[in-house]
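In what follows, a structure is listed as structure tokens, so that the remarks can point back to it.
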2 protein chains.
Amino acid sequence: MPQSKKINPEEILKHHELKATPQRIEVLSTFLKRNQVMSLAELNKMLGKEFDRITLYRTLNTFEEHGLIHKIPDSNGNINYALCKHESLDHSHNDNHIHFQCTSCNLTVCLEELEIPIIRIPKKFNPVKYIFLIEGICEDCDGKVKKHKGLV
Amino acid sequence: MPQSKKINPEEILKHHELKATPQRIEVLSTFLKRNQVMSLAELNKMLGKEFDRITLYRTLNTFEEHGLIHKIPDSNGNINYALCKHESLDHSHNDNHIHFQCTSCNLTVCLEELEIPIIRIPKKFNPVKYIFLIEGICEDCDGKVKKHKGLV
DNA sequence: TGATATATGCAACAATGTTTCATTTGGTTA
DNA sequence: TAACCAAATGAAACATTGTTGCATATATCA
Ligand SMILES: [Mn+2]
Ligand SMILES: [Mn+2]
Ligand SMILES: [Zn+2]
Ligand SMILES: [Zn+2]
């Protein structure tokens, strides 16, 4: 039988040179369990109200600095968080992709396969990082609207 | 002598079907005076602490809904505000451009001439609005770093 | 099994978002 | 011009999130 790749939060943390504290393990496990974009509110809810919010704040900062997660800001200034996809346990990861957010239900997704196109900008601006968010309506919400309007 | 185009806040408001209240005139005048991207903090500072912050909050929302200004969110969830460029006083305006923000001094600029490229995304996502922010280092900050490192 | 650099938890404060509601007022009409 | 009224304002109140300082706890390593 093929050995399924086990995702061990402790090992991931150590590979990123982070102390494997219970809090970090819990946060990382939450990301691995849900495996989707999460808002701070959703994270707080999943972790339970016993989990210290300042610790979560610092944990998210630390995870981002070490390339475990990336932030996805939306047009209202709300920030969502997503795990960075890693091939195996090495440090390579790629956040340079487009994100989509449904303005109706707030579903937010990483479009990992869609790289952000490089744009030439005036030379007095030295580009470092690109953020490309597409806002719109997801399939589910679109369906509901059409159904409600009697179009289906 | 050529009659210089006078920008009258009251007329602009009325052309956008907004009551020309003293507060709105003051906010719009502030945008016209500065003629550049402003953060909420900068707006508050320019308006003075007598200006009610809830009124400012609602005024910004109203201005955005009516296409007078557009929001520019950055990767930290901070929002900057900029006047929408209008040809004359008609309602046509274009926010579909790229923005640049310096991560060192927070200078934020509208690159009006750079349209956001249209990207094909999976059909289950119905795109409505595109947000493209480029983060980097501006000329001034770049110069300071090089000077500090003795490279100039 | 210590030693220690780091992480955590709590207090405290700031900034901003958002709603409710009583009062004021800009624009319109008689 | 005076009166009317839908809309705007301002104050209060509350929530969320960001952020730092500091005392305590602990993961890791020698
Ligand atoms: Mn992503
Ligand atoms: Mn702009
Ligand atoms: Zn949706
Ligand atoms: Zn700069």
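Order of the sequence lines sets the chain letters (A, B, ...), proteins ahead of strands, with each chain counted from 1. Remember, predicted model here, so these are calculated numbers, not experimental data.
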A:F132 and its side chain to side chain contact (heavy atoms under 4.5 Å, CB included) partner, picked from A:L111, A:L114, A:I116: A:I116
Donor-acceptor pair (no angle test) under 3.5 Å: A:R58 side chain, D:dG18 base: no
Just the atom pairs and distances: protein N or O near nucleotides 24-28 of chain D's N or O, under 3.5 Å.
| from | atom 1 | to | atom 2 | distance (Å) |
| --- | --- | --- | --- | --- |
| D:dT28 | OP1 | A:A20 | N | 3.0 |

Minimum heavy-atom distance between A:S39 and A:N80, given as atom pair plus value: N-ND2, 3.4 Å
Polar side-chain contact B:R53-D:dG10 base: donor and acceptor under 3.5 Å: no
Whether B:N76 side chain and B:N78 backbone form a donor-acceptor pair below 3.5 Å: no
Side-chain donor/acceptor of A:H16 to backbone N/O of A:H66, under 3.5 Å: yes
Among B:T62, B:N8, B:I25, side chain to side chain contact (heavy atoms under 4.5 Å, CB included) partner for B:L13: B:I25
Integer-rounded Å distance: D:dT17 C1' and A:I79 CD1: 10 Å
5′-ward residue of the pair A:I54/A:T62 relative to DNA chain C: A:T62
Euclidean distance, atom CG of residue B:N44 to atom C1' of C:dA14 [Å, nearest integer]: 13 Å
Side chain to side chain contact (heavy atoms under 4.5 Å, CB included) evaluation trace for B:Y130 with B:N96: CA-CA 7 Å; B:Y130 297 77; B:N96 195 46; 4.0 Å; yes
Separation of C:dA7 C1' from A:E17 CD (nearest whole Å): 17 Å
Side chain to side chain contact (heavy atoms under 4.5 Å, CB included) assessment of A:L40 paired with A:L60: CA-CA 10 Å; A:L40 184 62; A:L60 291 173; 3.8 Å; yes
side-chain N/O A:Y57 vs D:dT19 OP1/OP2, d < 4.0 Å: yes
Separation of atom CD in B:E26 from atom P in D:dA8, rounded to whole Å: 17 Å
Hphob cluster co-occupancy, B:F100 + B:I98, side-chain heavy atoms under 4.5 angstrom: yes
Rounded (10°) bend between the five-pair end axes of the helix from C:dT1-D:dA30 to C:dA30-D:dT1: 30°
Sugar-phosphate, base or nothing in reach of B:L40, heavy atoms under 4.0 Å: sugar-phosphate
Separation of atom CG in B:D52 from atom C1' in C:dT18, rounded to whole Å: 13 Å
Gap between atoms CG and C1', on B:N78 and C:dT16 respectively (whole Å): 10 Å
Atom-to-atom span, CE of A:M38 to C1' of D:dT17 - whole angstrom: 17 Å
Side-chain donor-acceptor contact under 3.5 Å, A:E135 with A:S75: yes
Integer-rounded Å distance: D:dT17 C1' and A:Y81 OH: 9 Å
